[in-house]
Amino acid sequence: MAFASPISPSYSLHNLSSNPFSKHNKILTLNKIQSFSLSHRHPFFRVDCGSRWQGKDSLNYSLYSSVTSADILLDEAVEKTQFPKGDTWSIHKFGGTCVGTSERIQNVADIIVKDESERKLVVVSAMSKVTDMMYDLIDRAQSRDDSYVTALDAVLEKHKLTALDLLEGDDLANFLSWLHQDISNLKAMLRAIYIAGHATESFSDFVVGHGELWSAQLLSAVVRKNGLDCTCMDTREVLVVNPTSSNQVDPDYLESGRRLEKWYSHNPSNTIVATGFIASTPLNIPTTLKRDGSDFSAAIMGALFRARQVTIWTDVDGVYSADPRKVSEAVILKKLSYQEAWEMSYFGANVLHPRTIIPVMVYDIPIVIRNIFNLSECGTMICRPAGCENENGQRMESPVKGFATIDNLALVNVEGTGMAGVPGTASDIFGAVRDAGANVIMISQASSEHSVCFAVPEKEVNAVAAALESRFRQALDAGRLSQIAVIPNCSILAAVGQKMASTPGVSATLFNALAKANINVRAIAQGCSEYNITVVIKREDCIRALQAVHSRFYLSRTTIAMGIIGPGLIGGTLLDQLRDQAAVLKEKFNIDLRVLGITGSRTMFLSNTGIDLSIWRDLLREKGEKAEMQKFVQCVHGNHSIPNTVLVDCTADSYVASYYHDWLRQGLHVITPNKKANSGPLEQYLKLRALQRQSYTHYFYEATVGAGLPIVSTLQGLLETGDKILRIEGIFSGTLSYIFNNFVGTQAFSEAVKEAKEAGYTEPDPRDDLSGTDVARKVIILARESGLKLELSDIPVQSLVPEPLKASGSAEEFLLQLPQFDEDMAERRQEAEVAGEVLRYVGVVDVVNQKGTVELRRYKKEHPFAQLSGSDNIIAFTTQRYEKQPLIVRGPGAGAEVTAGGVFSDILRLASYLGAPS
Ligand code: ADP
Ligand code: ASP
Ligand code: MG
């Protein structure tokens, strides 16, 4: 007789596969049971659940709550189909938010009906918040607060309204009658708790489990209403668990398996809705699997049913690399090994109850976590790593899969010279901790053995400290122990990943990220399985630490926070170029450029996560705040989750340039087309370059000379490879290039200037171009780059602005008066032409003679400088290697597009210095 086998109190998981019942196809079962029902043993256990919990086709007998084999008396045996254990079953678990409202319950019912599995078991949590409400009832009652009565009414109301929405006719009447009956029982029970001022654990467990009873009844009724035959299971009749000393429960799989077979024989159905969270003790006392235990229920059921898969439906797209509420950039992990999921859940990723893994792991049953509100996402698959790793692309992923944190911890540090080499110290310490009833979450001991430190929940630390002080009183008095210190307000941050075990450098990267975010690590632990590195940090640092380490492993290595100063012509063009190119850079090169701040001289716009560049102009105009450089820099650099920061100065301002030194010193990279810093006072320039060389921060200024043309980098390349620069000569001004390219005798000089202005090639006042100062700044930049120690004032500049017009009036007046001086220029041009030459306005760096000049020169018509068109720049480097034929760089050297392009290419150079792929 199948039921006659003795009950084993608790079986290990390994015994599950040898379940004796699985061999039989047909078994004998009961059609009438005289049960020693739970109702006889426990005054509050429901007595009428037989009829409530059966599907409409189930046998018509009266089954009391739970029946042990010893209680069974056979009256009559009928042949019934054996419980069809195996992979025809899929298990679904719906969390509280999935069944939080009547619409959501309806939605879950639809999913169940549409699921095409041959057989399905649906484990359901209480409607969201209900378990909290039930615990709250107990708290109120035992603290003799009679508001428990109104709080209970709220519970009644919530379920009543839901039922009214979902059910009708007999279904509704039945549910409401059960609900009222339960509520009146609960009222009586809470009254008893109120009078006693105390609730035992089994009283509490009985009360709080009602949330699942009601949600399961509601859901099964709706599934039936939708036309699918469905039975409801009160898992207290099936699941048997043994309480442990650590306020946990261990499932008794063998006994639960037996009860399941028996239950099924009375309720054969291909669709079962079962209560999560609740179970019975071997003595049939109602109990729970503890908070968030419905996941665990589903996993135990998965093992008992030997299901094909357990799907946990919740309100997020799967397991994220970190709690998405704390790290907005967390990503969904498509696959996790059982080990990884276990470690993640253990360390506080509450998407999965920590004990969910073990039952299913034994049978290799995959768990899939899916979002009920987003069915298009396929979720996270938790399975054996071999299966996971075969997937394409899996090997490329980060060795750290996820991060989790535990808050509200305290560290205890036991320290003293008398501890080293004394066997039994650790045992004494942890014996005392055990006596205090505390749970040790992490332990760390350095091999010098001078101290042992461990983390316990904050609320347990006083008891732990007291227990340790009493245990070690003598050692403290004798000075063998110097202190037992408590460090409150700590959190644990854990990095989890199975591949960490074989990847060097993971902890280096982790600690580097913490250091960059200025976070002090108080204790460290890594087990030799290397699946987990745990650090203890200050609680207030926890979220920042989580974001910092997450971004280091999960963001592109070259995620760069950017601040753009000066969103004018060049800055604005740069922002537009970034907007157009950002997606490609991210996708193809893994370069993630985030503009966190844009500031003009009056207004700035800041964002912690990244400005939407498609609307940056609107944001700046409509949502901008008063510009303030310190706040701007603080915001751009203050985002500790982004490892690199660059400030891009697109102004022409000396004031902004005066910040560079400070910024570089703080570790910010600087990129600029602004000539002011490099052509300003020599001493400041030298200081800046010296700092740049000492530090690991970068300062790029390619666009200061020749806009986007590779001039500075070409010069640096020549110098770095050991060439010797003899002379640099070039047409550095796009405006003056344009003017002289068009001043060919067909028009007067003043007309050429006017045309250049009209074509938009000149500054608003053309004198700024004609004065030659801008060219002089470029000459000084190249001279200094070549090693000459020159001031701007050392460069003689031939101004093309006639002396009398230098100070006179507006740009318009200047243009009006300029024709008076055309003759002089026409003569010079004529002379040149006669000699077969052209006029060109050039800058020269004479490295050999250590000087520079800016002047109007004549060049043979065959000379490369004479061949230009438009606003081209041309620069000739004469060097030891390029002595006979200079190295020439030529191309458009002015205009917002090419200048912004030059700045952009410096940004990409920075990204590649920081490790972006080429
Ligand atoms: P349910 O009621 O469905 O069991 P829970 O609230 O217990 O849902 O778990 C889901 C929640 O877990 C999510 O809403 C999310 O905020 C949180 N969570 C914490 N860490 C993670 C993580 N690493 N990945 C996904 N969710 C997480
Ligand atoms: N309802 C229970 C709780 O909130 C169990 C669960 O939902 O997992 O703790
Ligand atoms: Mg949960």
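Just follow the structure's listing: the first ligand is 1, and inside any ligand the first atom is 1. Values reported hereafter were calculated over all heavy atoms of this structure, with side chains retained and with hydrogens, waters and symmetry mates removed.
- Interface atoms of ligand 1 facing D315, defined by a heavy-atom separation under 4.0 Å, are 10 (C), 13 (C), 14 (O).
- Checking L333, D323, L352, T97 against atom 20 (N) of ligand 1, the nearest heavy atom belongs to D323.
- Side-chain atoms of S102 and D165 form a donor-acceptor pair, as typed in the model, at a separation below 3.5 Å.
- Using a cutoff of 4.0 Å between basic side-chain nitrogens and carboxylate oxygens, K129 and D132 are not scored as salt-bridged.
- Using a 4.0 Å cut-off to heavy atoms of G96, the atoms of ligand 1 that qualify are 2 (O).
- Distances below 4.0 Å separate heavy atoms of K93 from the following atoms of ligand 1: 4 (O).
- When each of T559, N512, T509 is paired with R552, the side chain to side chain donor-acceptor pair (under 3.5 Å) condition holds for N512 and for no other.
- For atom 27 (C) of ligand 1, the candidate residues are I369, I372, V351, N371; the nearest heavy-atom contact is made by V351.
- Looking at heavy atoms from C-beta onward, I278 lies out of side-chain contact with H210 at the 4.5 angstrom threshold.
- Ligand 1 has a nitrogen or oxygen under 3.5 angstrom from a nitrogen or oxygen of R325.
- For atom 25 (C) of ligand 1, the closest non-hydrogen atom on the protein side is G318 O, 3.3 Å.
- Of all protein heavy atoms, the one closest to atom 6 (C) of ligand 2 is S294 OG, 3.3 Å.
- Within the 4.5 Å cutoff, side-chain heavy atoms of E212 are placed close to those of T131.
- Salt-bridge formation is not detected for the pair R355/D292: no Lys NZ or Arg NE/NH1/NH2 atom is positioned less than 4.0 Å from an Asp or Glu carboxylate oxygen.
- With no hydrogens or angles considered, a side-chain donor-acceptor pair links N371 and D317 at under 3.5 Å.
- Side chains of S147 and D145: a donor on one and an acceptor on the other come within 3.5 Å.
- Of all atoms in ligand 2, numbered sequentially from 1 with element shown, those under 4.0 Å from a heavy atom of R291 are 3 (C), 4 (O), 9 (O).
- Defined by atom type and a distance below 3.5 Å, a donor-acceptor pair is missing between the side-chain atoms of T97 and S128.
- Under the 3.5 Å distance criterion, with hydrogens and angles disregarded, a donor-acceptor pair is assigned to the side chains of N532 and T534.
- A heavy-atom separation below 4.0 Å is found between A322 and ligand 1.
- In terms of protein heavy-atom proximity, atom 12 (O) of ligand 1 is nearest to N350 OD1, 3.1 Å.
- Close contacts of ligand 1 with T314, meaning ligand atoms under 4.0 Å from a residue heavy atom, involve 1 (P), 3 (O), 8 (O), 10 (C).
- Judged by the shortest distance from any of its heavy atoms, S125 lies outside the 4.0 Å radius around the atoms of ligand 1.
- For atom 6 (O) of ligand 1, no protein heavy-atom neighbour is present inside the 4.0 Å cut-off.
- Of the residues listed (I272, V238, V360), the one engaging M301 in a side chain to side chain contact (heavy atoms under 4.5 Å, CB included) is V238, and it is the only one.
- Residue-ligand proximity, V316 to ligand 1, at heavy-atom distances under 4.0 Å covers atoms 13 (C), 14 (O), 25 (C), 26 (N).
- Backbone and side-chain nitrogen or oxygen atoms of D295 are examined, and none is located within less than 3.5 angstrom of a nitrogen or oxygen of ligand 2.
- Of the protein's heavy atoms, Y320 N, 2.8 Å lies nearest to atom 24 (N) of ligand 1.
- Using a cutoff of 4.0 Å between basic side-chain nitrogens and carboxylate oxygens, E201 and K290 are scored as salt-bridged.
- Atoms of ligand 2 found under 4.0 Å from any heavy atom of S125 (numbered from 1 in listed order, with element): 6 (C), 7 (O), 8 (O).
- With a 4.0 Å heavy-atom cut-off, ligand 2 is reached by the side chain of E212 but not by its N, CA, C or O.
- Contact annotation: G276 has no heavy atom less than 4.0 Å from any atom of ligand 2.
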